[in-house]
Asker: 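Please read through the structure below; I'll follow up with questions.
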Amino acid sequence: MNFFLRSVSYIIHPLLMPILGALIYFIVAPRFIPDEIIISKLFVLVIITIIIPIILYFLLKNLGLVSSIHIENVNQRKIPLLLQSIILIIVIKMVIDIYHFPALYFFFLGALFSLLSAIFMVLFSIKASLHMIGISAITIFAITLSIHFGLNLTLLIAVLMTLNGLVATSRLYCKAHTTKELIIGCVIGILPQITLANLWL
């Protein structure tokens with residue numbers, strides 16, 4: 001159980017949430033999108049939202065600016081979150097356009113607002129759970145996709161809700177967050193997605 005709960009924090013890491021959101025969209029959206037377009041978009045997203053942040057993490061770690069990939073120290077969060085925000089802006093401006101992929105565009109825009117909210121919290125020494133921000137945002141995105149396209153995504157939504165519970169349990173078990181920080185993270189992840197959903201639903 002110890003290994004399993006600790007593994008959850010790595011398997012469902014915030015860095016993986018953008019590509020997970022894109023995967024869910026391309027799999028469930030009932031519209032024709034050429035395979036080459038899907039593959040190219042996913043390839044670019046993997047590079048921009050996973051590979052580049054990992055490289056930046058090791059750079060920051062070598063410079064002594066961060067000590068863990070989970071960025072558990074609230075004082076070390078400003079630079080990584082700012083860099084991640086810039087990465088999401090690049091995705092919104094250059095990879096996912098609003099005309100061809102409106103739902104996915106607003107998902108990433110919501111993720112950007114969540115990150116900016118987390119940065120705002122850092123200014124008050126509040127460490128919102130990035131894990132909860134990520135998984136709760138994905139869950140709301142799946143629910144809004146289900147509503148928008150009239151799809152029965154009950155199983156997917158149930159799995160995502162279960163993952164919300166697992167992530168919260170894992171973070172508490174690892175003593176990485178308090179219950180309050182988990183709730184704040186959940187709220188920060190959910191509100192931008194719900195608010196922006198009104199623009200494309």
Asker: Is there any side chain to side chain donor-acceptor pair (under 3.5 Å) pair reaching into residues 34-45, and which pairs are they, with sequence neighbours excluded?
Answerer: none

Asker: What is the ring orientation for H13 with H131, classed by angle as parallel under 30°, tilted 30 to 60°, or perpendicular over 60°?
Answerer: perpendicular

Asker: Considering residues, nucleotides and ligands other than H100, do more than 12 of their heavy atoms fall under 6.0 Å from its NE2?
Answerer: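 Result for NE2/H100: open.
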
Asker: Do you reckon I52 sits in the same ILVMFWY cluster as L130, going by side-chain contacts under 4.5 Å, direct or chained?
Answerer: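 They do share one cluster, since a chain of ILVMFWY contacts under 4.5 Å joins I52 to L130.
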
Asker: Could you measure the distance from the CZ atom of F108 to the CG atom of L196? Nearest 0.5 Å is fine.
Answerer: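 It comes to 13.5 Å.
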
Asker: Between the main-chain N or O of N152 and the side-chain N or O of S146, is there a donor-acceptor pair closer than 3.5 Å?
Answerer: no

Asker: Taking all non-hydrogen atoms of both residues into account, name the closest pair between R171 and S129 and its distance.
Answerer: CG-OG, 4.4 Å

Asker: Quick one: side chains of residues 78-89, donor-acceptor pairs under 3.5 Å with protein atoms, not counting sequence neighbours, listed by atom name and distance.
Answerer:
residue, atom, partner, partner atom, Å
S85, OG, L81, O, 2.8

Asker: Taking atom CG of L60 and atom CD of Q76, what is their separation to the nearest 0.5 Å?
Answerer: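 It comes to 9.5 Å.
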
Asker: Rounded to the nearest 0.5 Å, how far apart are NE2 of H177 and OG of S170?
Answerer: 10.0 Å

Asker: Just by distance, do the side chain of R77 and the backbone of A128 share a donor-acceptor pair under 3.5 Å?
Answerer: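 Yes, the answer is positive, given that a donor and an acceptor are paired below the 3.5 Å cut-off.
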
Asker: Ignoring hydrogens, what is the shortest heavy-atom contact between A168 and L182? Give both atom names and the distance.
Answerer: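 Minimum heavy-atom contact is O-CD1, 3.6 Å.
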
Asker: Membership question, hydrophobic clusters at under 4.5 Å side-chain separation (ILVMFWY): are I19 and I96 in the same one?
Answerer: yes

Asker: Measure the shortest side-chain to side-chain distance between I184 and M121 over non-hydrogen atoms and say whether it is less than 4.5 angstrom.
Answerer: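 They are in side-chain contact.
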
Asker: What distance separates L199 CG from I98 CD1, expressed to the nearest 0.5 Å?
Answerer: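 One gets 8.0 Å once the value is rounded to the nearest 0.5 Å.
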
Asker: Does a side-chain heavy-atom distance below 4.5 Å link L151 with L145?
Answerer: no

Asker: Could you tell me whether the side chain of L15 reaches within less than 4.5 Å of the side chain of T49, counting heavy atoms only?
Answerer: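 No, too far: nothing below the 4.5 Å cut-off.
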
Asker: Between side-chain atoms of residues 159-166 and protein atoms elsewhere (two or more places apart, or another chain), which donor-acceptor pairs fall under 3.5 Å?
Answerer:
residue, atom, partner, partner atom, Å
T162, OG1, A158, O, 2.9
N164, ND2, T139, OG1, 2.7
N164, ND2, L160, O, 2.7

Asker: Grab the two heavy atoms, one from S136 and one from G185, that are nearest each other, plus how far apart they are.
Answerer: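 Residues S136 and G185, closest heavy atoms: OG-O, 4.1 Å.
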
Asker: Side chains of L20 and I24: does their closest heavy-atom pair fall under 4.5 Å?
Answerer: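 They are in contact (side-chain heavy atoms under 4.5 Å apart), so the answer is yes.
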
Asker: Can you pull the side chain to side chain donor-acceptor pair (under 3.5 Å) pairs that have at least one residue in residues 101-110, sequence neighbours excluded?
Answerer: none

Asker: My understanding is that only residues two or more places apart in sequence, or in another chain, count here; which of them pass ring pair (Phe, Tyr, Trp, His ring centres under 6.0 Å) with F58?
Answerer: none

Asker: Going by ring pair (Phe, Tyr, Trp, His ring centres under 6.0 Å), name the residues that satisfy it together with F26, two or more places apart in sequence or in a different chain.
Answerer: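 Ring pair (Phe, Tyr, Trp, His ring centres under 6.0 Å) list for F26, sorted by chain: F101.
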
Asker: Are I138 and F107 packed together at the side-chain level, in the sense that at least one heavy-atom pair is separated by less than 4.5 angstrom?
Answerer: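 They are in side-chain contact.
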
Asker: Starting at CG of N198, measure out to CZ of F106 and round the result to the nearest 0.5 Å.
Answerer: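 It is 10.5 Å, given to the nearest 0.5 Å.
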
Asker: Considering all heavy atoms of both residues, which atom of T178 and which atom of L172 are nearest to each other, and what is their separation?
Answerer: C-CD2, 4.0 Å

Asker: Using the rule that Ile, Leu, Val, Met, Phe, Trp and Tyr join whenever any side-chain heavy atoms are under 4.5 Å apart, tell me whether V187 and I190 fall into a single cluster.
Answerer: no

Asker: Linking I/L/V/M/F/W/Y whenever their side-chain heavy atoms sit closer than 4.5 Å, directly or via other members, would I38 and Y25 fall into one cluster?
Answerer: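 The answer is yes; both residues are in one hydrophobic cluster.
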
Asker: Could you check if a side-chain atom of F141 sits within less than 4.5 angstrom of a side-chain atom of L104, using non-hydrogen atoms only?
Answerer: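 Heavy-atom side-chain distance check passes, below 4.5 Å.
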
Asker: If two hydrophobic side chains count as joined below 4.5 Å and joins carry through other members, does L23 share a cluster with I39?
Answerer: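 No: no chain of side-chain contacts under 4.5 Å links L23 to I39.
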
Asker: Rounded to the nearest 0.5 Å, how far apart are CD1 of I133 and CG of L115?
Answerer: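 Reported to 0.5 Å precision, the distance equals 7.0 Å.
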
